[in-house]
A.B. asks: 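Here's a structure for you.
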Amino acid sequence: AAASSLRIFEILDEKPAIENKSTARKITSPLGNLSFKNVSFFYPNGENPVVLEDFNLEITAGETVALVGRTGCGKSTVARLLPRFYDVTDGSILLDGTDIRDFLIEDLRTHVNVIPDEPFLFSESVRNNIAFARPNAKEEEVIAAAKAAQADDFITDLTYGYEEIVGERGYTLSGGQRQRIVIARTLLANPKILVLDDSTSSIDVETESLIHTSLKKLLQGRTTLVIAHRLSTIALADRVVLMDSGKVKAEGTHENLLANSPEYESILASGAMSATE
């Protein structure tokens, strides 16, 4: 116990690498306009070369943009920089014209939600897992979010329904079921900006189709960045951005890129898109 407590205190004493500025302020009624200005980034451990270099991208409020590219091009890194899991090495990311480093981190992460490719659930009831960001949410709101994520059917089939304890990391559920609960959690939180990082990777094609049908309605009025690894996911986007070597190489609609970009066509044909960055 003494040895374990020392290790726990080591973690508690660790200083976060990302901290608020003394002048950091709250975000008031964000519109959701995003600007990546000359962003460069390499991971702090120094083992990897520059991941993003002079990356520029404008996303207007309410727009859904899909990032497409080969493994290692920097797609997932863009998703990690937006909620400040890391800070840019150079350049800036702006939300409604203000550098995100000028906002309170907890406030930024309230308005920017990430649905990761690896869903994480707590050893808690299904209801509490969905209501994690809004613990005081009404029962009908929780159920509505679950229905939108196509999770209500399998939840009601569980022995205790929404009160079922799912076990550590949700091990009692399948990967697709865990993913749908995480999607329901995010929908209930109702963020202004949403990042989908291969969020349907663990879901079968039929269920993915149902979720996409619901998401198309729910994404309206919400700025969404999709890290795309499937053609079906690209279909959610208003615009597709092709990335190569940490930069924007081309952008346009899926049809436009397919007709004018041999590299885009090659990536889709080879299935070269991967969740690993």
Side-chain angles (χ1 to χ4, degrees), residues 17-18 32-60 63-95 99-101 105 108-109 112-118 191 193-201 223-254 256-258 260-277:
I18 308 296
N33 295 295
L34 295 173
S35 300
F36 293 81
K37 301 285 189 183
N38 305 315
V39 170
S40 294
F41 177 78
F42 59 84
Y43 284 99
N45 57 24
E47 295 176 3
N48 297 315
V50 174
V51 182
L52 297 176
E53 186 176 9
D54 198 27
F55 178 81
N56 288 279
L57 180 63
E58 297 285 336
I59 305 175
T60 57
E63 186 180 19
T64 299
V65 172
L67 296 185
V68 175
R70 297 183 186 277
T71 302
C73 71
K75 302 186 300 292
S76 291
T77 298
V78 173
R80 293 171 187 144
L81 292 175
L82 192 52
R84 290 191 69 194
F85 294 156
Y86 296 93
D87 271 339
V88 299
T89 305
D90 199 9
S92 58
I93 301 174
L94 310 179
L95 170 59
D99 195 311
I100 60 173
R101 290 169 290 192
I105 295 171
L108 178 68
R109 293 175 184 171
V112 180
N113 272 205
V114 180
I115 301 181
D117 56 341
E118 298 259 347
I193 299 168
L194 186 59
V195 179
L196 306 179
D197 191 355
D198 197 25
S199 57
T200 55
S201 61
T223 306
T224 307
L225 187 63
V226 179
I227 311 303
H229 307 287
R230 292 185 183 186
L231 188 57
S232 56
T233 308
I234 295 173
L236 287 170
D238 303 314
R239 178 162 52 107
V240 181
V241 173
L242 176 63
M243 290 185 64
D244 182 49
S245 302
K247 296 181 179 180
V248 173
K249 185 164 186 179
E251 57 182 295
T253 63
H254 165 67
N256 180 264
L257 288 177
L258 203 57
N260 298 292
S261 173
E263 184 176 349
Y264 181 71
E265 183 181 10
S266 173
I267 288 172
L268 295 184
S270 66
M273 297 184 294
S274 167
T276 304
E277 293 294 344

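Just so you know, these numbers use all the heavy atoms, side chains as well, and skip hydrogens, waters and symmetry mates. Please read these numbers as outputs of a predicted model, since none were measured by experiment.
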A.B. asks: For the side chain of T253 and the backbone of N256, is there at least one donor-acceptor N/O pair under 3.5 Å apart?
C.D. replies: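 Yes; at least one donor-acceptor contact below 3.5 Å.
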
A.B. asks: Any heavy-atom pair between the side chains of L242 and S261 that's under 4.5 Å?
C.D. replies: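 Yes - at least one pair of side-chain heavy atoms lies under 4.5 Å apart.
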
A.B. asks: Are M243 and E251 close enough that some pair of their side-chain heavy atoms sits under 4.5 Å apart?
C.D. replies: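 M243 does not reach E251 side chain to side chain.
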
A.B. asks: Rounded to the nearest 0.5 Å, what separates atom CZ in R80 from atom OH in Y43?
C.D. replies: 4.0 Å

A.B. asks: If every non-hydrogen atom of G32 is compared with every non-hydrogen atom of L95, which pair is closest and at what distance?
C.D. replies: CA-CD1, 4.1 Å

A.B. asks: Could you tell me if the side chain of N33 sits less than 4.5 Å from the side chain of T223, heavy atoms only?
C.D. replies: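 A side-chain contact under 4.5 Å is absent here.
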
A.B. asks: May I ask you to test the I59-I193 pair for a side-chain heavy-atom distance under 4.5 Å?
C.D. replies: no

A.B. asks: Heavy-atom distance under 4.5 Å between the side chains of Y264 and H254, does that happen here?
C.D. replies: yes

A.B. asks: Nearest 0.5 Å please: distance from the CG atom of L34 over to the CD1 atom of I100.
C.D. replies: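 Here the rounded value is 8.5 Å.
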
A.B. asks: Tell me the closest heavy-atom pair linking V68 and A228, and the distance in Å.
C.D. replies: CG2-CB, 4.0 Å

A.B. asks: Taking side chain as C-beta onward, heavy atoms only, is L82 less than 4.5 Å from F36?
C.D. replies: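 Yes - at least one pair of side-chain heavy atoms lies under 4.5 Å apart.
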
A.B. asks: Please lay out, stage by stage, how L57 and R239 fare under the test side chain to side chain contact (heavy atoms under 4.5 Å, CB included).
C.D. replies: CA-CA 12 Å; L57 180 63; R239 178 162 52 107; 3.8 Å; yes

A.B. asks: Side chains of I234 and L268: closer than 4.5 Å at any heavy-atom pair?
C.D. replies: yes

A.B. asks: CD1 of I115 to OG1 of T224: how many Å apart, nearest 0.5 Å?
C.D. replies: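 Here the rounded value is 9.0 Å.
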
A.B. asks: Which heavy atom of L108 sits nearest a heavy atom of R84, and at what distance?
C.D. replies: CD2-CG, 3.6 Å

A.B. asks: Nearest 0.5 Å, what's the CD1-CZ distance between I93 and R101?
C.D. replies: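 The CD1 atom of I93 sits 8.0 Å away from the CZ atom of R101.
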
A.B. asks: Can any side-chain N or O of K75 pair as donor or acceptor with the backbone N or O of G69 at less than 3.5 Å?
C.D. replies: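 The answer is yes, because a donor-acceptor pair under 3.5 Å joins these two groups.
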
A.B. asks: Do the non-hydrogen side-chain atoms of L67 and L225 ever get within less than 4.5 Å of each other?
C.D. replies: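 They are in side-chain contact.
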
A.B. asks: Is it true that a side-chain atom of R109 and a backbone atom of V114 form a donor plus acceptor pair closer than 3.5 Å?
C.D. replies: no

A.B. asks: Check for a donor-acceptor pair, side chain of N113 on one end and backbone N or O of L194 on the other, with a separation under 3.5 Å.
C.D. replies: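 No, the answer is negative, given that no donor and acceptor are paired below the 3.5 Å cut-off.
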
A.B. asks: Would a distance-only check, ignoring hydrogens and angles, find a side-chain to backbone donor-acceptor pair under 3.5 Å from S40 to D90?
C.D. replies: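 A pair under 3.5 Å: no.
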
A.B. asks: Do you know which two heavy atoms are closest between I18 and F85, and how far apart they sit?
C.D. replies: CG1-O, 4.0 Å

A.B. asks: Quick one: closest heavy-atom pair of K249 and D244, and the distance?
C.D. replies: CD-CB, 3.9 Å

A.B. asks: Rounded to the nearest 0.5 Å, what separation is found between the CG atom of N38 and the CG atom of L52?
C.D. replies: 12.0 Å

A.B. asks: Side chains of S266 and R70: any donor to acceptor distance under 3.5 Å?
C.D. replies: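 Present: a donor and an acceptor within the cut-off.
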
A.B. asks: To the nearest 0.5 Å, how far apart are OG in S76 and CD1 in I227?
C.D. replies: 5.5 Å

A.B. asks: For residues T77 and Y86, is any side-chain donor paired with an opposing acceptor at under 3.5 Å?
C.D. replies: no

